[in-house]
Undergrad: 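Before we start, here is the structure in question, set down as structure tokens.
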2 protein chains.
Amino acid sequence: MELSQLKYFRHTARTENITKSAAELHISQPALSKMIVTLEKDLGVKLFDREGKHIKLNNHGAVFLKYVDIALGALEDGRKELEDISGQTSGTLHVSFDVASQLMPDLLKEFRDRHPEVTFHLLQHDRNPTQAKFDFCITSSLVGPSGTEKKSC
Amino acid sequence: MELSQLKYFRHTARTENITKSAAELHISQPALSKMIVTLEKDLGVKLFDREGKHIKLNNHGAVFLKYVDIALGALEDGRKELEDISGQTSGTLHVSFDVASQLMPDLLKEFRDRHPEVTFHLLQHDRNPTQAKFDFCITSSLVGPSGTEKKSC
DNA sequence: TGTATTTACGCCGCCCGTAAGTATT
DNA sequence: AATACTTACGGGCGGCGTAAATACA
């Protein structure tokens with residue numbers, strides 16, 4: 001049982017629609033379908049009833065959802081409290097980009113869904129990006145001084 | 001952030017000893033050390049203070065542990081309730097084995113730590129194992145009818 | 001025939017183990 | 001010198017995507 005499975009399950013339990021959930025979760029529809037089956041096997045219990053081409057949360061699913069909400073909620077709260085007491089969130093992200101400008105509105109909208117507390121400071125077509133102060137950038141050129149770091153959400 | 005990381009963290013937070021926790025969690029000591037660092041990076045906060053060759057849970061760690069306990073507890077409760085209402089747990093596992101008999105005591109002890117509600121029915125050196133009724137077996141011979149299935153805990 | 005889920009199959013990244021390195025007592 | 005944690009590196013497994021199959025309206 002993994003956290004990603006629980007997040008996927010929680011979302012799918014609410015929509016009762018794998019295709020829709022997959023799109024909103026940014027994974028492929030078969031991947032989500034399989035993850036749910038895997039979770040059901042792990043628990044030894046079916047969480048959804050398959051009725052024709054639709055799925056419907058059943059009793060077991062509803063019971064489990066209740067606990068999943070508690071668990072995921074606690075972890076989200078924990079993260080928030082850590083942010084609060086560590087005071088490391090500036091609240092503002094400085095973003096520089098010279099490509100993909102037409103994608104930014106959707107990207108920002110998506111991000112604000114997940115992190116409503118963050119505000120952005122945007123820099124488009126910065127003159128000399130190597131000297132610019134940004135938290136991250138989107139560019140087609142090779143960029144200079146600081147190293148890159150991989151993050152997941 | 002993954003569930004395994006949280007379980008590892010919870011255990012290590014209590015022992016404040018990576019080597020000991022690694023042994024009890026059945027993973028290598030470097031693996032556990034790395035997982036904790038990974039979790040800290042994910043949260044953006046150090047959870048332990050490194051003092052010489054010892055580690056000590058710090059403020060952030062204590063705060064986060066509180067939420068981890070809630071989350072993992074909820075998931076354990078959810079599993080239990082699903083077992084209750086589905087009524088699929090027989091309460092007794094039938095185990096057949098013709099090798100590794102000297103390992104069984106420790107294995108059983110280990111398992112009972114995790115699942116105290118389960119009782120065992122042991123069959124050593126079964127005459128014709130292919131016909132035997134067991135939930136699982138440990139053997140050096142190839143066994144017959146039913147397929148094998150992979151499970152993680 | 002279009003829509004929704006499931007199965008098949010392969011790739012890539014991550015978890016974990018072994019080995020070596022570093023630091024403290 | 002012994003103990004405990006960290007870094008380096010490689011292998012194996014699982015998550016996820018694309019493609020194809022199945023099933024219902």
Side-chain angles (χ1 to χ4, degrees), chain A residues 1-58 60-61 68 72 110 147-153, chain B residues 1-58 60-61 68 72 110 147-153:
Chain A
M1 189 164 67
E2 288 304 326
L3 270 188
S4 58
Q5 294 177 331
L6 299 179
K7 289 178 185 167
Y8 295 165
F9 164 70
R10 177 174 63 171
H11 195 282
T12 309
R14 301 228 159 91
T15 65
E16 295 189 327
N17 181 321
I18 293 183
T19 301
K20 184 161 178 254
S21 285
E24 294 173 357
L25 292 166
H26 307 294
I27 63 173
S28 76
Q29 184 272 332
L32 178 55
S33 173
K34 204 171 157 217
M35 286 302 290
I36 291 176
V37 173
T38 303
L39 179 59
E40 288 175 323
K41 278 186 183 162
D42 181 31
L43 294 170
V45 161
K46 296 277 185 213
L47 300 169
F48 294 91
D49 290 333
R50 275 74 173 175
E51 302 173 345
K53 60 179 189 179
H54 294 283
I55 63 171
K56 189 166 183 310
L57 195 69
N58 64 19
H60 296 144
V68 170
L72 295 181
E110 175 71 30
T148 56
E149 188 175 334
K150 204 171 174 185
K151 290 289 275 185
S152 66
C153 48
Chain B
M1 189 165 63
E2 288 303 325
L3 271 188
S4 56
Q5 294 177 333
L6 300 180
K7 290 177 186 167
Y8 296 166
F9 165 69
R10 178 174 62 172
H11 195 282
T12 308
R14 301 231 158 87
T15 64
E16 296 189 324
N17 180 322
I18 293 184
T19 302
K20 184 161 178 254
S21 286
E24 293 173 357
L25 292 166
H26 307 294
I27 64 174
S28 75
Q29 184 272 333
L32 178 55
S33 173
K34 203 170 159 219
M35 287 300 291
I36 290 177
V37 172
T38 303
L39 178 60
E40 288 176 322
K41 278 185 184 164
D42 181 30
L43 294 171
V45 162
K46 297 278 183 212
L47 300 169
F48 295 91
D49 289 334
R50 275 73 172 174
E51 302 173 344
K53 59 181 190 177
H54 294 285
I55 63 171
K56 189 164 182 312
L57 195 69
N58 63 21
H60 296 145
V68 170
L72 294 181
E110 175 71 30
T148 56
E149 188 176 331
K150 204 170 175 186
K151 290 288 276 184
S152 66
C153 48

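Throughout, protein chains are lettered first and strands after them, A, B, ... in sequence-line order, and every chain is numbered starting at 1. This structure is a prediction, so every number in the text was calculated from the model and none was measured.
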Undergrad: With a non-hydrogen cut-off below 4.0 angstrom, is A/Y8 in contact with a base, only sugar-phosphate, or nothing?
TA: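 Result for A/Y8 = sugar-phosphate.
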Undergrad: Where do A/N58 and A/L47 come nearest, in terms of heavy atoms and distance?
TA: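 That closest heavy-atom pairing would be OD1-O, 2.9 Å.
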Undergrad: Is any side-chain heavy atom of A/D42 less than 4.5 Å from a side-chain heavy atom of A/T38?
TA: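 Heavy-atom side-chain distance check fails, nothing below 4.5 Å.
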Undergrad: B/N17 or A/A31: which one's nearest nucleotide on DNA chain D is closer to the 5' end?
TA: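 Closer to the 5' end of DNA chain D: B/N17.
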Undergrad: Report the distance from atom CG of B/L32 to atom P of D/dA4, rounded to the nearest whole Å.
TA: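 Rounded to whole Å, this separation is 14 Å.
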Undergrad: In whole angstrom, give the distance that lies between atom CD1 of B/I27 and atom P of C/dC14.
TA: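 Interatomic distance, CD1 of B/I27 to P of C/dC14: 18 Å.
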Undergrad: Hey, does the side chain of B/S33 come within less than 4.0 Å of D/dC5's phosphate (OP1/OP2), counting only N and O?
TA: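 For B/S33, the contact criterion (side-chain N or O under 4.0 Å from OP1 or OP2 of D/dC5) is not met.
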Undergrad: Within the structure, does a side-chain N or O atom of A/T19 lie under 4.0 Å from either OP1 or OP2 of C/dT3?
TA: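 For C/dT3, OP1/OP2 do not have a side-chain N/O of A/T19 under 4.0 Å.
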Undergrad: Mind calculating the distance between CZ (B/F48) and P (D/dA4) to the nearest angstrom?
TA: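 In whole Å, D/dA4 P lies 16 Å from B/F48 CZ.
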Undergrad: If I compare all heavy atoms of A/T12 with all of A/S21, which pair ends up nearest, and what's the gap?
TA: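 Minimum heavy-atom contact is CA-OG, 3.4 Å.
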Undergrad: Between C1' on D/dC5 and CE on B/M35, what's the gap in Å once rounded to a whole number?
TA: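 Taking atom C1' of D/dC5 as the reference, CE of B/M35 is at 17 Å.
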Undergrad: Specify the separation, in whole Å, of atom CE of A/M1 and atom P of D/dG14.
TA: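 Nearest whole value for this atom pair: 17 Å.
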Undergrad: What pair of heavy atoms forms the shortest contact from A/H60 to A/K46, and how long is it?
TA: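 Closest approach of A/H60 to A/K46, heavy atoms only: CB-O, 3.4 Å.
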Undergrad: Could you work out how much the helix from C/dT1-D/dA25 to C/dT25-D/dA1 bends, comparing the axis of its first five pairs with that of its last five, to 10°?
TA: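 The value is 20°.
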Undergrad: Mind checking if B/S28 touches a base, just sugar-phosphate, or nothing, with heavy atoms under 4.0 Å?
TA: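 Counting heavy atoms under 4.0 Å across all strands, the contact made by B/S28 includes a base.
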Undergrad: I'd like to know if the side chain of B/E2 reaches the main chain of A/E2, judged simply by a donor and an acceptor atom lying under 3.5 Å from each other, with no hydrogens or angles considered.
TA: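 Answer holds: no.
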Undergrad: Rounded to whole Å, please give me the gap between CG in B/L39 and P in D/dT6.
TA: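 Taking atom P of D/dT6 as the reference, CG of B/L39 is at 13 Å.
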Undergrad: Who are the ring pair (Phe, Tyr, Trp, His ring centres under 6.0 Å) partners of B/Y8, not counting sequence neighbours?
TA: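 Partners of B/Y8 by the ring pair (Phe, Tyr, Trp, His ring centres under 6.0 Å) criterion come out as none, since no residue qualifies.
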Undergrad: Among B/V68, B/L39, B/L32, exactly one meets side chain to side chain contact (heavy atoms under 4.5 Å, CB included) together with B/Q5. Which residue is that?
TA: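 It is B/L39, the one option of B/V68, B/L39, B/L32 that forms the side chain to side chain contact (heavy atoms under 4.5 Å, CB included) with B/Q5.
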Undergrad: How many Å lie between CD1 on A/I55 and P on C/dT6, as a whole number?
TA: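 So the CD1-P distance, A/I55 to C/dT6, works out to 7 Å.
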Undergrad: If I compare all heavy atoms of B/L3 with all of A/M1, which pair ends up nearest, and what's the gap?
TA: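 Looks like CD1-O, 3.3 Å.
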Undergrad: Heavy atoms under 4.0 Å is the rule here; annotate nucleotides 19-25 of chain D 5' to 3' with B where the base is hit, S where only the sugar-phosphate is, and - elsewhere.
TA: B----B-
Undergrad: What is the distance from NZ of A/K34 to P of C/dC9, rounded to the nearest Å?
TA: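 So the two atoms are 12 Å apart, to the nearest Å.
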Undergrad: Among A/K56, A/H54, A/E40, exactly one meets side chain to side chain contact (heavy atoms under 4.5 Å, CB included) together with A/F48. Which residue is that?
TA: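 Exactly one option meets the side chain to side chain contact (heavy atoms under 4.5 Å, CB included) with A/F48, and it is A/E40.
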Undergrad: Out of D/dC5, C/dT5, D/dC16, which nucleotide sits closest to the side chain of B/R50?
TA: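 Taking heavy atoms from C-beta onward, the closest nucleotide is D/dC5.
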Undergrad: Just by modelled atom types, is the A/I18 backbone N or O under 3.5 Å from a matching donor or acceptor in the A/Q29 side chain?
TA: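 Answer holds: no.
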Undergrad: Of the nucleotides D/dC16, C/dC15, D/dC5, which one has an atom closest to the side chain of B/Q5?
TA: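 Nearest listed nucleotide: C/dC15.
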